[in-house]
Each structure stands twice: as structure tokens, then as C-alpha cells.
Amino acid sequence: MKNNRFVAAVLVPSFLFLFIFTAFPVVYGLGISFFDYNPASAQNIFLGLENYRRLVQDEVFWQAVKNTVFFGAAAVSANIIITLFLAKIISVLPWKRWKTFFRTILFIPCIAPVVGTSMVWKYGILGTDGGILNQIAGFFGMAPKNWFLTTLPLMLLIIVYTLWADIGYNVVLFTAGIEGVPKEFDEAAAIDGAGPVRRFLSIKLPLMGRTFAFVAIMTMANYFQMFAQFRIFASKGGMNNTAMVLTNYVYRTSFISFDMGYASAIAAGLFVIVFVVAMIQNKMMRADWSYE
């Protein structure tokens with residue numbers, strides 16, 4: 001009984017905090033998606049499914065869905081490949097101080113404010129006048145280019161920034177996963193003649209399946225909900241909405257157009273997309289989480 005009381009004393013505040021700041025806002029947001037909602041208005045007309053009918057016919061919404069899925073798929077795939085490679089390189093370093101040094105260097109951008117680093121990238125690196133990228137282009141005789149009036153290059157530059165700002169976290173996780181694999185398996189495969197690439201792909205990667213599953217699911221959920229860099233790099237969604245993602249569209253609809261009922265319907269659509277993708281990933285990796 002004493003143990004049960006202790007567990008309850010620890011868990012009840014956590015669940016209460018989770019309900020107040022997570023569950024309740026989600027349910028409340030879903031509820032106002034059925035209204036013509038404006039917090040400054042005394043009357044909020046019930047619309048039923050009208051916002052969702054409007055959502056299906058909204059070309060900007062479907063463009064934002066397409067951009068969000070493209071960004072998520074491309075950035076998550078690149079993140080996992082790059083971080084796995086860097087983690088493997090760091091794990092084979094002979095000195096522990098060097099491992100700590102490189103992990104720290106890569107992790108520093110993760111703790112920097114996204115808004116601040118996005119501003120530095122926008123004006124210091126990508127700026128039309130004085131940006132480092134245009135200075136390099138000018139060195140080779142190319143005219144300065146406004147990267148924010150491009151289509152695919154702007155999205156690719158946002159992906160590059162996101163990778164720079166975020167890969168350190170997964171490098172730390174993958175490094176811990178790689179170093180957690182018993183060396184006996186690697187040594188036995190080496191005796192059998194397996195090369196370093198074969199040993200990594202056939203032995204270490206499967207044995208760190210739980211780490212890989214956690215990184216893949218959490219990175220996907222995080223990237224599908226990224227907002228700050230899109231707001232800084234392409235506040236209006238870029239040229240022809242080619243960099244408009246669902247989070248930015250929700251913000252623009254709610255706080256610029258003040259159509260919060262419709263913005264809640266868009267947010268519900270984003271929730272469904274993230275939930276479905278997470279369930280698919282969880283289904284594909286379910287065996288990695290269970291013990292035989």
C-alpha cells in the first residue's frame with residue numbers, strides 16, 4: 001500500500017499536467033473546428049462540418065500537405081543517414097576526449113534558439129546583399145540571387161538549415177546505441193571475414209533497432225510540426241506557396257486571417273497525418289520493441 005501511494009503521488013501530478021496542457025488543448029481545438037470561432041466575438045456560430053468541407057476544397061491546404069510530407073520525408077531520411085554516418089565515425093575514434101569534443105560541437109546548434117539561428121541564416125548566409133552564399137557565387141562570376149523567390153531551392157535550403165540545427169541530438173543517441181552493442185559480436189564477424197560496412201549493416205544496425213525506431217518516430221513527429229524556420233525563411237509560404245507547410249498555414253489562418261475555427265480544422269488534419277505516419281512506423285518497427 002505504501003508503494004502504491006508513492007506511485008500515485010508521483011504519477012497523478014504528471015497525468016494532471018499532461019491533461020491540462022496537452023489533452024485538454026487538443027480536445028478544445030478539435031471542438032472549435034466546428035465553429036466560426038473568434039475569441040474577440042461574443043457569438044461563435046456552429047458550422048458543423050463546414051470547415052472540413054472547405055478544407056477538402058482548399059488548394060493551399062493540399063499544397064501545404066504536399067510540402068509538409070516532402071519536407072518530412074526528405075529531412076528525416078537525410079537526418080538518419082547523416083547522423084548514423086557521423087555516429088559511426090565518432091564511435092571508432094580511439095580517444096574518449098575526441099568523441100566528447102565532436103559530440104559537443106555537433107550538439108551546440110541544438111541548444112541555440114531556432115528563431116535566432118534562422119535569422120542568422122536568412123540574412124547572414126542567404127541574404128541577397130552581403131549573404132555568404134551570394135558572395136561565394138559572386139566569386140565565381142555569378143549574379144546575386146534572391147533565394148527567397150525560388151521554388152525548390154528554398155525548400156532545400158530550409159532542409160539544409162534544419163539538418164544543421166538538429167543532427168547533433170540524433171548523433172548522441174546513435175553513438176550511444178552503437179557503443180551499447182557488445183563488441184564480441186563485431187569481433188566474431190571480423191574473424192569470419194566480414195568487412196566494416198557489412199558488420200555495421202548486418203550486426204550493429206539490427207542490434208540497435210530500438211534506438212533506430214525511437215529516433216525515426218520522434219524525428220518524424222518533430223519535423224512534421226516544425227514551424228519557426230518556415231516562418232522566418234518563408235513567412236508567406238514562399239513563391240506560389242512552394243514552401244508553405246501546415247504549421248505555417250495554421251498560424252497564418254488563425255493569427256493573420258483570424259479564422260481560428262478553420263485553422264483548428266487544418267490543425268486536425270495535421271494531427272491525423274502525424275498520427276497515421278507514426279502508427280505506420282510503429283507497426284513496421286513493432287518487433288524491435290518486444291522481447292521474445
Side-chain angles (χ1 to χ4, degrees), residues 63-64 66-87 89-90 100-175 215 218-252 255-256:
Q63 180 67 37
K66 178 182 176 181
N67 294 337
T68 302
V69 172
F70 172 78
F71 171 79
V76 170
S77 300
N79 183 299
I80 291 176
I81 293 172
I82 293 172
T83 53
L84 264 177
F85 175 77
L86 292 175
I89 296 299
I90 292 174
T100 304
F101 172 78
F102 284 111
R103 280 198 297 256
T104 303
I105 292 298
L106 291 171
F107 194 77
I108 287 176
C110 297
I111 61 176
V114 176
V115 174
T117 55
S118 296
M119 296 289 287
V120 171
W121 271 66
K122 180 176 182 178
Y123 296 106
I125 297 179
L126 305 178
T128 306
D129 299 324
I132 295 177
L133 199 59
N134 276 322
Q135 289 185 17
I136 295 174
F139 179 79
F140 292 99
M142 301 170 62
K145 188 172 184 178
N146 189 338
W147 300 102
F148 306 103
L149 294 179
T150 60
T151 53
L152 183 60
L154 177 58
M155 179 62 80
L156 294 179
L157 289 171
I158 295 175
I159 291 174
V160 170
Y161 162 78
T162 303
L163 294 175
W164 170 84
D166 193 59
I167 60 173
Y169 182 74
N170 287 347
V171 166
V172 172
L173 293 178
F174 277 138
T175 303
V215 168
M218 296 304 296
T219 304
M220 182 281 303
N222 183 33
Y223 279 22
F224 268 67
Q225 300 177 74
M226 282 192 166
F227 166 72
Q229 58 265 59
F230 287 96
R231 191 63 194 164
I232 298 297
F233 284 99
S235 59
K236 297 182 179 180
M239 188 175 180
N240 298 324
N241 290 316
T242 51
M244 175 64 73
V245 291
L246 288 172
T247 51
N248 197 8
Y249 193 35
V250 169
Y251 177 87
R252 192 177 75 172
F255 296 106
I256 296 179

Are any side-chain N or O atoms of [X] and backbone N or O atoms of [Y], one a donor and one an acceptor, separated by less than 3.5 Å?
| X | Y | value |
| --- | --- | --- |
| T68 | V245 | no |
| K122 | I232 | yes |
| N134 | K145 | yes |

Among residues at least two apart in sequence or on other chains, which ones pass side chain to side chain contact (heavy atoms under 4.5 Å, CB included) with [X]?
| X | answer |
| --- | --- |
| V171 | T83, L86, I90, L106, T175 |
| V160 | W121 |
| A228 | V114, V115 |

Roughly how far, to the nearest 0.5 Å, is [atom2] of [Y] from [atom1] of [X]?
| X | Y | atom1 | atom2 | answer |
| --- | --- | --- | --- | --- |
| I125 | I132 | CD1 | CD1 | 5.0 Å |
| N67 | M244 | CG | CE | 9.0 Å |
| N146 | D129 | CG | CG | 9.0 Å |
| Q225 | M220 | CD | CE | 8.5 Å |
| M226 | L246 | CE | CG | 15.0 Å |
| L157 | L152 | CG | CG | 9.5 Å |

Query raised in the report: Between N222 and D166, is any pair of side-chain heavy atoms under 4.5 Å apart?
Result: yes
**Report entry** Minimum side-chain heavy-atom gap V250-F227 below 4.5 Å
**Finding:** no
Query - Listed once per pair and sorted, the ring pair (Phe, Tyr, Trp, His ring centres under 6.0 Å) pairs that draw on residues 124-149, sequence neighbours left out - result: none
Taking side chain to side chain donor-acceptor pair (under 3.5 Å) as the definition, give me every residue that meets it alongside [X], ordered by chain and number, with sequence neighbours left out.
| X | answer |
| --- | --- |
| T162 | Q229 |
| R231 | N248 |
| T117 | Y161 |
| N79 | N170, Y223 |

Results of ring pair (Phe, Tyr, Trp, His ring centres under 6.0 Å) for [X] - residues two or more places apart only:
| X | value |
| --- | --- |
| F255 | Y251 |
| Y169 | none |
| F230 | F71 |

For the student: nearest non-hydrogen atoms of [X] and [Y], plus distance:
| X | Y | result |
| --- | --- | --- |
| L154 | A234 | CD2-CB, 4.1 Å |
| F174 | A87 | CB-CB, 3.5 Å |
| L163 | A78 | CD1-CB, 3.8 Å |

Requested in this report: Answer yes or no: are there more than 12 heavy-atom neighbours, outside F107 itself, under 6.0 Å from its atom CZ?
Outcome: yes
Report task. With sequence neighbours excluded, give me every side-chain hydrogen bond (donor to acceptor under 3.5 Å, both in side chains) pair touching residues 233-247. Result -> none
